[in-house]
K.L.:
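Here it is, the structure in full.
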Amino acid sequence: MSDSVVELVEDGPCRFRIPRRAGMRVDGVVFATPGLLPEMAGDQALKQVENVAKLPGIVGASYAMPDVHWGYGFPIGGVAATDTEAGGVVSPGGVGFDISCGVRLLAARCDREALDDHLELLMDALGHATPRGAGKGAVWHLGRSELREVLAEGARYAVEQGHGVQRDLDRCEDEGVLEGAAAEGLSDRALQRGLGQLGSLGSGNHFLEVQAVDAVYDERAARAMGFAEGQVCVMIHCGSRGLGHQVCTDHVRKMDRAMARYGIEVPDRQLASVPADSPEGEEYLAAMAAAANYARANRQLLTESARGVFRRIVGADLDLVYDISHNLAKIEDHQVNGDRRRLCVHRKGATRALPAGHPDLPEDLAEVGQPVLIPGTMGTASYVLTGVPEGEAWYSTCHGAGRVRSRHQAAREVRAGRLRGELAEAGITVRAGTARGLAEEAPLAYKDIDEVVAASEGAKLCSKVARLVPIGVVKG
DNA sequence: ATGTGC
């Protein structure tokens with residue numbers, strides 16, 4: 001089909017536009033440098049940006065972040081907001097299978113020199129204390145009633161049960177709990193999968209990493225966030241495991257059937273969606289919130305197990321810098337053409353980035369903005385950014401490096417043993433789940449994180465606070 | 001991402 005070629009117009013620094021044409025309700029906007037545009041053979045990411053622009057009720061534009069790549073229905077690295085008061089839809093594909101997958105950063109009360117003598121011991125202990133791998137759990141074995149509490153109350157319930165401190169809630173997005181969660185709406189299969197996985201990493205690109213602050217670009221922000229150059233940090237990247245996956249599967253199926261009743265047609269079945277304020281839409285948002293709460297509690301429990309290891313081996317405590325999701329739909333108020341509107345903002349592989357002065361920020365971050373946590377790959381840097389007042393795309397930015405090689409292709413090209421050696425030479429020690437998993441996550445399978453962050457900053461989506469480098473990696 | 005694919 002000739003119309004499958006996407007027209008892309010250069011439209012300012014780090015910015016391309018996909019002009020509106022037949023069926024599109026808004027433009028597509030791709031924040032990237034030419035070198036970061038998807039070029040993997042068969043990569044349909046830009047076509048997906050165009051498809052998303054056809055969703056009922058979409059406002060602004062169909063946005064793509066510099067780490068954009070091909071995903072289920074929506075591209076990963078996509079942001080789309082719909083007007084809930086004007087028939088705007090919600091789509092599970094706009095959130096992704098790993099609901100509320102996200103990143104949490106902890107600052108250790110020690111500098112990197114403190115690890116010199118016992119890094120291997122520390123990594124062995126972290127590897128031992130961190131359940132991981134497909135289908136594997138869990139730090140906390142739950143009963144059914146406890147699971148319901150986790151789904152309703154998220155990290156707040158974990159902290160109430162003694163797994164954490166008040167600051168863990170103060171520094172978590174939504175203070176640790178997304179309101180409006182309804183565990184009753186979850187299928188028995190979703191609940192069953194959630195029972196045995198709370199406090200586990202999963203697999204793929206999920207990790208727990210010991211890092212050091214390598215450079216600080218914004219001293220004032222770093223101080224307020226709670227870290228300084230040379231300090232040791234722990235970054236945890238994981239999500240809602242099998243439970244979130246099952247919630248997505250269940251609701252894609254339901255919406256696929258319900259769509260016709262609302263007169264909704266989408267260019268790709270993977271974009272299955274219903275009005276956000278319809279019974280099916282509200283049911284999805286409530287189930288999604290429950291999965292998001294599970295993800296936050298999951299990261300909270302992994303935090304507690306890492307804390308135990310750090311106290312025992314290093315004698316240092318870990319303080320939460322922030323916890324932020326990059327796979328979520330949220331109901332948010334925004335200005336649209338001069339009017340305050342209630343939007344359903346889908347961020348899939350994209351991170352909320354609130355600027356200084358935003359009312360949703362905790363008091364001690366009000367003057368510097370929300371920490372935006374961007375994981376690199378296991379051989380490369382990670383970043384802490386913050387939102388900026390210009391913040392287009394409903395205050396959103398990138399979420400990571402973004403894949404450029406498929407898992408299959410990476411596994412074919414990379415030998416795990418050799419990769420492990422290269423990482424060791426670079427001073428990075430790895431505790432891997434499987435050799436295959438390690439190869440699939442090799443740095444060469446991803447875009448250059450430094451370029452992605454530079455493009456995000458160049459597009460005025462965020463501003464750099466600090467760069468972190470890996471020391472030890474626990475891989476799923 | 002995922003008890004790794006209809």
K.L.:
Send over the distance from A:R132 CZ to B:dT4 P, rounded to a whole Å.
P.N.:
19 Å
K.L.:
Between C1' on B:dG5 and OH on A:Y72, what's the gap in Å once rounded to a whole number?
P.N.:
13 Å
K.L.:
Rounded to whole Å, how long is the line connecting atom CG of A:L243 with atom P of B:dT2?
P.N.:
12 Å
K.L.:
Whole angstroms only, please: what is the CG-P distance between A:D98 and B:dT4?
P.N.:
16 Å
K.L.:
Between P on B:dT2 and CD1 on A:I76, what's the gap in Å once rounded to a whole number?
P.N.:
13 Å
K.L.:
Would you give the length of the straight line joining atom CD of A:Q161 to atom CD of A:E153, rounded to the nearest 0.5 angstrom?
P.N.:
10.5 Å
K.L.:
Would you kindly give the CD-to-P distance between A:Q192 and B:dT2, to the nearest whole Å?
P.N.:
18 Å
K.L.:
Test: ring pair (Phe, Tyr, Trp, His ring centres under 6.0 Å). Region: residues 269-289 of chain A. Which pairs qualify, not counting sequence neighbours?
P.N.:
A:H251-A:Y284
K.L.:
Using a heavy-atom cut-off of under 4.0 Å over every strand shown, decide if A:G96 touches base, sugar-phosphate, or nothing.
P.N.:
nothing
K.L.:
Within the 4.0 Å heavy-atom criterion, would you say A:R436 contacts the bases, only the backbone, or no part of the nucleic acid?
P.N.:
nothing
K.L.:
Hey, what's the ring geometry for A:F31 with A:Y63, parallel, tilted or perpendicular (30° and 60° as the breaks)?
P.N.:
parallel
K.L.:
May I ask you to decide whether A:R296 forms a salt bridge with A:D174, counting only side-chain N to carboxylate O separations under 4.0 Å?
P.N.:
yes
K.L.:
Tell me, please, which residues at least two apart from A:R418 pass salt bridge (charged side-chain N to carboxylate O under 4.0 Å, His left out).
P.N.:
A:E422
K.L.:
Figure out the NE2/P separation between A:H408 and B:dT4, and round it to whole Å.
P.N.:
18 Å
K.L.:
Tell me whether the OP1 or OP2 atom of B:dT2 has a side-chain N or O from A:R241 closer than 4.0 Å.
P.N.:
yes
K.L.:
If I take atom CD in residue A:Q270 and atom P in nucleotide B:dT2, what distance separates them, rounded to the nearest angstrom?
P.N.:
18 Å
K.L.:
What contact category does A:Q197 fall into here, base, sugar-phosphate, or nothing, at under 4.0 angstrom with non-hydrogen atoms?
P.N.:
sugar-phosphate
K.L.:
Heavy atoms only, 4.0 Å cut-off, all strands: where does A:G204 land among base, sugar-phosphate and nothing?
P.N.:
sugar-phosphate
K.L.:
Using a cut-off of less than 4.0 Å, is there contact between a side-chain N or O of A:S203 and OP1 or OP2 of B:dT2?
P.N.:
yes
